[in-house]
Amino acid sequence: MSYSKITASAGKTLFIVPMLLLAFAAKAQLNTDRIMNIGRNALYFEDYVLAIQYFNQVIKVKPYMAEPYFFRAVAKIRLEDYKGAESDCDISIEYNPFIIDAYRVRGAARQSRGDFKGAIEDYSKGLEYMPEDRYFLLQKAIAEAEDKQYAQADSTYSVLVESNPSFYEAYISRSQFHMERKDTLRAIQDIDKALEIDKYSSYGYAMRALLRFQFKHETDSALADMDEAIKLDPKMSGYYINRAVMRYYAENLRGAMDDYTHVTEVDPMNTQAWYNRGLLRMQVGEYNGAADDFSNVIKLEPDNIFAYYNRAIIRDRIGNWRGAITDYSKVIEAYPDYAGAYYARSEVRRKSGDTAGGKADYAKALALIDKEKEKGSPTKDEAADDNEKVRKESDKNINKFDRLLVADNFNSIEGEYDSDIRGRIQDRNMKVELEPSFTLTYYEKESEINTGHKYSRALDELNRSGLLPRRLYITNREAPLDSAMIARHFNSINDNSKLIEINPNNLIPYLARAIDFILIQDYTGAIEDLSRITAAGGDFFFAYFLRAVVRYRYIEYLMSSDSGSDGYITVNSGGGMFGGKDAGLNSRAVNLEYEMVLRDYDKVIELAPDFPYTYFNRGNIRCEQKDFTAALADYTRAIELYPDFAEAYLNRGLVYVYMGENEKSVADLSKAGELGIISAYNILKRIGE
């Protein structure tokens with residue numbers, strides 16, 4: 001590849017796009033429409049910190065506009081700044097009371113802050129404008145339940161279900177409501193109905209498993225449901241935790257230990273898994289492993305007295321008397337009136353040769369026991385119920401040191417729906433989606449899905465050339481920018497703009513600035529800079545590749561805006577596996593935009609026919625256009641060039657599913673799973689039935 005073409009003379013000067021920070025310094029008026037669009041674009045692509053900065057700039061120039069306050073509230077609620085979101089919605093509604101979603105956002109913010117009456121008021125206001133909106137009804141019912149207005153919540157749920165008989169979330173949410181009211185029969189009926197609507201809901205199976213286990217004592221059927229939940233969503237560590245408890249009650253200790261082991265591997269910060277596995281290892285005589293487990297608990301929670309107590313018992317059994325004395329002393333420090341700890345330490349002190357210390361501890365233990373006898377029988381809170389095999393996290397009764405630890409909401413499944421409702425309703429249904437297109441960026445997101453770093457010789461040459469300030473990665477999992485990164489790239493835009501002013505024929509600053517523009521979601525600026533590079537000719541195919549990526553993203557954003565999606569609580573309710581854009585959006589203008597993207601990819605293929613990511617990205621475009629035959633050809637070519645291309649196997653497998661060629665789809669999805677895309681197994685489960 002010749003990089004000299006990037007710096008070649010171009011013959012004419014590019015119009016320099018006014019940048020955000022420079023505009024405030026040099027111009028009296030800001031193009032607020034453009035900045036609003038960039039901010040909404042950042043919001044759509046979940047760059048919330050960046051979006052807030054753009055809306056801040058618009059508010060500085062036009063503080064009387066309602067929209068930037070609303071969109072800033074959306075970004076803030078995503079970042080869990082509920083107070084700030086509520087304040088922004090207050091201003092937005094004051095300026096324009098007809099932005100209906102502002103009531104939805106403010107209601108969610110108030111609900112998250114515990115102001116349930118305020119939330120109900122907002123949801124009711126939204127229903128005045130949109131009386132059949134199922135999400136306003138759902139949120140209102142939840143808020144009423146949280147405010148203990150049970151009769152009203154039941155009534156709202158009834159209206160919701162009657163008007164939306166196929167609404168999965170309504171039945172799941174109402175089942176949780178019934179559970180809080182101890183109405184197990186109606187709770188299970190609602191979950192059964194939810195699973196009729198969506199038999200691939202792992203959450204539905206997990207809920208029903210807990211209900212069957214805790215309230216109907218049907219351990220076998222509960223385990224069958226939990227097995228199904230894990231098959232559908234093997235990444236949910238909480239499912240393994242719950243199944244381990246069920247297996248324990250079924251006296252399947254090894255199975256329970258296997259579940260806890262899995263959790264410690266995928267979620268090493270989970271103290272419950274370490275603690276419970278330690279208890280089970282004690283029961284089967286694996287003392288050294290158990291001691292290690294309790295030591296891990298203590299590392300994560302240095303004040304976990306129950307872990308010290310159990311480790312003290314183990315150290316006593318394996319002859320580590322010094323360690324046992326240290327741990328028992330820690331227990332006595334926290335529970336100075338607990339006779340059992342003094343008695344245990346007295347025995348260890350005797351074994352270690354400290355006869356005097358042993359006698360003193362023994363005397364103290366007897367004195368405490370006599371004191372308890374004088375007080376009479378212990379209260380229910382002080383005694384340990386011998387029929388119970390578990391201890392809730394909030395239960396600090398030291399007599400229950402040898403019981404499995406469970407979450408406080410294990411019995412009632414409390415609090416599940418209210419956390420999910422806060423701005424994330426659309427995430428409740430699992431989506432079957434294509435793996436997204438690849439791009440070039442400085443920042444790659446860490447992911448549980450490990451399909452390996454993507455390599456390109458041409459990209460390696462570009463990185464080694466030193467033309468850019470940072471190493472570029474090819475990825476479809478970009479990391480969002482934090483405040484420091486945003487500031488860095490704004491400064492970089494300014495620096496590159498100065499270089500362009502000095503020598504407008506030097507294409508290197510255009511490339512660097514285009515990447516900066518992409519990172520701050522200014523796609524218009526990026527396209528103009530990349531077009532300056534492509535206009536100069538040469539074989540620098542990355543400019544065409546990036547321009548195609550950016551153009552497609554801009555199409556995505558424009559289509560989402562046209563369809564009324566502001567990136568907040570908008571549910572994709574249909575349209576099929578590949579997006580299902582509204583028919584009205586398939587206009588000639590949009591098709592022309594797609595053609596421009598395809599032309600850029602065609603040019604990349606002409607210049608670099610062995611670059612597999614171009615074929616992958618073009619395959620995604622073909623899927624959007626529902627040209628599945630062409631998409632298959634593109635994914636196949638990508639796999640030929642890169643035989644371990646997991647994402648290409650997944651997408652080709654999904655195309656085969658759509659075309660009804662299940663045998664071929666199974667082979668591709670199996671390969672995608674083998675190469676690290678775990679969700680492929682869930683899809684295999686679906687098409688296998």
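By convention here, the first residue in the shown sequence is residue 1.
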Using ring centroids (six-membered ring only for Trp), state whether Tyr601 and Phe616 fall under 6.0 Å. no
What residue pairs, at least two apart or across chains, pass salt bridge (Lys or Arg N to Asp or Glu O under 4.0 Å) with a residue in residues 648-661? Arg652-Asp668, Glu661-Lys664
Can you give me the closest heavy-atom contact between Ala66 and Asn96, atom names plus distance? CB-CB, 3.6 Å
Would the Tyr64 and Tyr95 ring centres measure less than 6.0 Å apart? no
First locate atom OH of Tyr656, then atom CG of Leu669, and finally report the distance between them rounded to the nearest 0.5 Å. 11.0 Å
Salt-bridge present (Asp602, Arg618; N to O < 4.0 Å): yes
Locate the shortest heavy-atom distance separating Tyr442 from Pro469; write the atom from each residue and the value. OH-CD, 3.7 Å
By ring pair (Phe, Tyr, Trp, His ring centres under 6.0 Å) - contacts of Tyr615 (at least two apart): none
Heavy atoms, side chains only, cut-off 4.5 Å: are Leu546 and Ile515 in contact? yes
Please tell me if the side chains of Phe55 and Met36 come closer than 4.5 Å, counting only heavy atoms from C-beta onward. yes
Nearest-0.5 Å distance, CD1 of residue Ile35 to CD1 of residue Ile38: 4.5 Å
Before giving the answer on side chain to side chain contact (heavy atoms under 4.5 Å, CB included), spell out for Leu472 and Leu462 the whole-Å C-alpha distance, their side-chain angles and the decisive distance to 0.1 Å. CA-CA 8 Å; Leu472 273 178; Leu462 175 59; 4.0 Å; yes
Calculate, to the nearest 0.5 Å, the distance between atoms CD1 and OG1 belonging to Ile59 and Thr32 respectively. 12.0 Å
Are Arg477 and Glu435 close enough for a salt bridge, meaning some N to O gap below 4.0 Å? yes
Test side chain to side chain contact (heavy atoms under 4.5 Å, CB included) on Phe545 and Lys603; report intermediate values, then the result. CA-CA 8 Å; Phe545 181 80; Lys603 185 66 175 178; over 6 Å; no
Drop me the distance from Glu444's CD to Glu478's CD, to the nearest 0.5 angstrom. 9.5 Å
Decide, yes or no, whether a salt bridge links Glu640 with Arg637 under the criterion of side-chain N to carboxylate O below 4.0 Å. yes
Contact summary for Ser92 and Ala102, nearest pair of heavy atoms: OG-CB, 4.4 Å
With a 4.5 Å heavy-atom cut-off, do Arg464 and Asp460 have their side chains touching? yes
Main chain of Asn662, side chain of Ser665: is a donor-acceptor contact present, judged purely on distance under 3.5 Å? yes
Is there a side-chain contact between Thr439 and Asn476, using heavy atoms and a 4.5 Å cut-off? no
Centre of Tyr510's six-membered ring, under 6.0 Å away, within 45 degrees of the axis: is that where NZ or CZ of Arg532 sits? yes
So, for Phe438 and Val549, which heavy atoms are closest and what is the spacing to 0.1 Å? O-CG2, 3.3 Å
Verify, without hydrogens or angle tests, whether Tyr54 (side chain) and Ile520 (backbone) share a donor-acceptor contact under 3.5 angstrom. yes
With no hydrogens and no angle check, just 3.5 Å: does a side-chain donor-acceptor pair link Ser437 and Tyr552? no
Is there a side-chain contact between Tyr649 and Ser670 (heavy atoms, below 4.5 Å)? no
Before giving the answer on side chain to side chain contact (heavy atoms under 4.5 Å, CB included), spell out for Ile493 and Asp522 the whole-Å C-alpha distance, their side-chain angles and the decisive distance to 0.1 Å. CA-CA 11 Å; Ile493 288 171; Asp522 185 349; over 6 Å; no
Side-chain donor-acceptor pair under 3.5 Å between Asn496 and Ser492, yes or no? yes
Are any of the side-chain heavy atoms of Leu511 and Leu468 separated by less than 4.5 Å? yes
Do the two ring centres, one from Phe167 and one from Tyr135, sit under 6.0 Å apart? yes
Output yes when Glu501 and Lys498 qualify as a salt bridge under the 4.0 Å nitrogen-oxygen rule, no when they do not. no
pair Ile639-Asp644: side-chain heavy atoms closer than 4.5 Å: no
Rounded distance [0.5 Å steps], NZ in Lys671 versus CG in Leu650: 14.0 Å
For the student: nearest non-hydrogen atoms of Met659 and Leu632, plus distance: SD-CD1, 3.4 Å
To check you understand the geometry: which heavy-atom pair defines the closest contact between Val105 and Ile77, and what is its length? O-CD1, 3.6 Å
Any donor-acceptor pair under 3.5 Å linking the side chain of Tyr658 with the backbone of Cys623? no
Looking at Glu647 and Lys454, is there a salt bridge between them, counting it only when a charged N and a carboxylate O are closer than 4.0 Å? yes
Check whether Phe517 forms a cation-pi arrangement with Arg513 (NZ or CZ under 6.0 Å from the six-membered ring centre, at most 45° off the ring normal). no
Output the distance between atom CG (Asn41) and atom OH (Tyr523), rounded to the nearest 0.5 Å. 5.0 Å
Check ion pair Arg104-Asp133 (N to O, under 4.0 angstrom): yes
Can you tell me if Ser456 uses its side chain to pair, donor with acceptor, with the backbone of Leu459 under 3.5 Å? yes
Does the Ser531 side chain pair with the main chain of Ile527, one donor and one acceptor, at a distance under 3.5 Å? yes
Do Met485 and Tyr443 touch side chain to side chain, with heavy atoms closer than 4.5 Å? yes
Under the side-chain hydrogen bond (donor to acceptor under 3.5 Å, both in side chains) criterion, do Tyr239 and Ser202 qualify, and how do the steps go? CA-CA 9 Å; Tyr239 293 169; Ser202 68; 3.1 Å; yes
Between Tyr613 and Phe611, does the ring centroid distance fall short of 6.0 Å? yes
Can you name the residues that form a side-chain contact (heavy atoms from CB on, under 4.5 Å) with Ala42, not counting sequence neighbours? Asp47, Leu50, Ala51, Gln521
Under the side chain to side chain contact (heavy atoms under 4.5 Å, CB included) rule, what do Tyr635 and Val655 come out as? Steps first, then yes or no, please. CA-CA 10 Å; Tyr635 294 136; Val655 174; 3.9 Å; yes
